[in-house]
Amino acid sequence: MPEKPPVYELFAIRYATRAARRRDHFIGGDPHDGPMPMDYYVWAAVSPSHAFVIDTGFTAETAAKRRRTFLRCPIAALRLVGLDPGAVEHVILTHMHYDHVGNFHLFPRATFHLQEPEMRFATGGSMRHPRLAHSFEVEDVVGMVRLNFAGRVAFYDGAAELAPGIAVHPAPGHSMGLQFVRVHTRRGWVVVASDVTHFYENMESGRPFTTAVNVGDMLEAFGTLAAHAPSKDHIVPGHDPQVMARYPAPSQELDGIVVRLDVAPQVDGRNV
Ligand SMILES: [Zn+2]
């Protein structure tokens, strides 16, 4: 009998936000245009023996440059869930867009886990197109190249188990080497979708987000997410303010800052 994988605690930390419109978030726009704000998160999976940080957010400087509302340093906020960034050994990067890969300099000991096609994309000929390059910060990309030369990037070209109870799965389309993360928790396997679906509504209505490399792949990726989750309520979108509404804070003090994803979500006060 295979051993049961260990159980991770799983947290989402909200570090930034921006006002936006519905038309900003769906290819083809939206006939019912109205406000649809976007939140920015990093995630942390913690077991008694392992800690994985999932994505590293952006810096205050990048927030100012891109006019995002910066709420807190996502890396300092890891301390709110008991992690010392200086001691973290594993950081999973779902992809290299500016809002997922800044702040790597704050992890002096970490190995960064990345799909190799993402590095090829971010350092390749496609970046001469402003439409594609816009989602990347060149200094972040250069920083990852330096980390690679220092032997601190672990590359994958496909699904991989990083430790018992935590695995990465490629699901490109939004970016070339985008991956999502499956984490074993006390409510079963939870899928941290990152930008495979920015909002619940992207996957539920089959309408991909506006930043796209390959729309067909983005549509397929919604199915890949579903195939790797026990139910749709085990899939956590990458930028949806609803995540803060559906999941509980670990404590009253962390209300609006951190939620627990290893607890079943509630919609309008109901268990779902
Ligand atoms: Zn992205």
Side-chain angles (χ1 to χ4, degrees), residues 16 18 20 23-29 38 40 42 54-59 61-68 91-107 110-160 162 168-181 192-198 202-203 207-225 238-239:
R18 79 173 165 108
R23 62 168 179 256
D24 300 330
H25 304 320
F26 302 98
I27 286 176
M38 176 183 270
Y40 296 83
V42 297
I54 303 169
D55 289 345
T56 55
F58 49 67
T59 61
E61 292 72 34
T62 298
K65 188 168 123 185
R66 293 187 180 244
R67 300 190 184 170
R68 307 299 189 237
V91 174
I92 298 169
L93 296 174
T94 62
H95 60 310
M96 288 171 64
H97 284 170
Y98 78 96
D99 51 332
H100 296 262
V101 72
N103 294 309
F104 49 79
H105 58 290
L106 298 176
F107 294 94
T111 295
F112 295 84
H113 300 272
L114 184 68
Q115 292 287 326
E116 187 155 15
E118 186 69 358
M119 184 67 108
R120 278 205 294 273
F121 182 54
T123 55
S126 293
M127 291 302 112
R128 76 187 189 282
H129 302 297
R131 170 88 196 169
L132 296 173
H134 173 76
S135 303
F136 296 85
E137 286 287 332
V138 65
E139 292 308 324
D140 291 343
V141 176
V142 170
M144 290 311 298
V145 170
R146 290 187 196 285
L147 284 166
N148 184 34
F149 273 72
R152 292 182 52 201
V153 185
F155 287 104
Y156 306 90
D157 198 351
L162 304 190
V168 293
H169 297 264
H174 164 71
S175 193
M176 200 70 91
L178 176 62
Q179 60 185 349
F180 64 85
V181 186
V192 177
S194 184
D195 290 3
V196 183
T197 192
H198 285 61
N202 292 116
M203 65 176 174
R207 291 180 299 155
F209 187 73
T210 41
T211 302
V213 178
N214 184 315
V215 177
D217 285 350
M218 289 172 87
L219 289 164
E220 294 298 330
F222 294 147
T224 308
L225 282 182
H239 289 274

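This structure is a prediction, so every number in the text was calculated from the model and none was measured.
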Of all heavy-atom pairs between [X] and [Y], which one has the smallest distance, and what is that distance?
X: M96; Y: V101; result: O-CG1, 3.2 Å
X: Y40; Y: F58; result: CD2-CE2, 3.8 Å
X: N202; Y: H25; result: ND2-O, 3.0 Å
X: A171; Y: A221; result: CB-CB, 3.9 Å
X: F209; Y: A212; result: O-CB, 4.4 Å
X: D157; Y: P117; result: OD1-CG, 3.7 Å

More than 12 heavy atoms of other residues, nucleotides or ligands under 6.0 Å from NE2 of H105: is that the case?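 Buried by this count: over 12 neighbours within 6.0 Å.
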Side chain of [X], backbone of [Y]: donor and acceptor closer than 3.5 Å?
X: N103; Y: T56; result: yes
X: D195; Y: H198; result: no
X: R18; Y: R67; result: no
X: T59; Y: T62; result: yes
X: D55; Y: G57; result: no
X: T224; Y: E220; result: yes

What orientation do F121 and F136 show, parallel under 30°, tilted 30 to 60°, or perpendicular over 60°?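 Rings of F121 and F136: perpendicular, as their planes differ by over 60°.
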Angle class for the H100/H95 ring planes (parallel below 30°, perpendicular above 60°, tilted otherwise)? tilted
For a side-chain contact (heavy atoms from CB on, under 4.5 Å) check, start with the C-alpha distance between K65 and E137, then their side-chain angles and the critical distance, and finish with the verdict. CA-CA 11 Å; K65 188 168 123 185; E137 286 287 332; 2.6 Å; yes
For the residue pair [X] and [Y], establish whether any side-chain heavy-atom pair is separated by less than 4.5 Å.
X: M218; Y: V213; result: no
X: L147; Y: F112; result: yes
X: P208; Y: L219; result: yes
X: M144; Y: M119; result: yes
X: V141; Y: M127; result: no
X: F104; Y: L93; result: no
X: R207; Y: I27; result: no

Does the pair V91 and T111 meet the rule for a side-chain contact (heavy atoms from CB on, under 4.5 Å), with working shown? CA-CA 6 Å; V91 174; T111 295; over 6 Å; no
Test F155 against Q115 for side-chain contact (heavy atoms from CB on, under 4.5 Å), laying out the working first. CA-CA 5 Å; F155 287 104; Q115 292 287 326; over 6 Å; no
Assess the residue pair H174 and H97 against the criterion (side chain to side chain donor-acceptor pair (under 3.5 Å)); give the C-alpha distance rounded to whole Å, side-chain angles, the decisive distance to 0.1 Å, and a yes or no. CA-CA 10 Å; H174 164 71; H97 284 170; 3.0 Å; yes
Which value, rounded to the nearest 0.5 Å, describes the distance between [X] atom [atom1] and [Y] atom [atom2]?
X: D99; Y: T94; atom1: CG; atom2: OG1; answer: 8.5 Å
X: L178; Y: S194; atom1: CG; atom2: OG; answer: 5.5 Å
X: E118; Y: M176; atom1: CD; atom2: CE; answer: 9.0 Å

Stepwise side-chain contact (heavy atoms from CB on, under 4.5 Å) check, V168 with F180: CA-CA 6 Å; V168 293; F180 64 85; over 6 Å; no
Going by atom types alone, do Y98 and R66 pair a side-chain donor with an acceptor below 3.5 Å? no
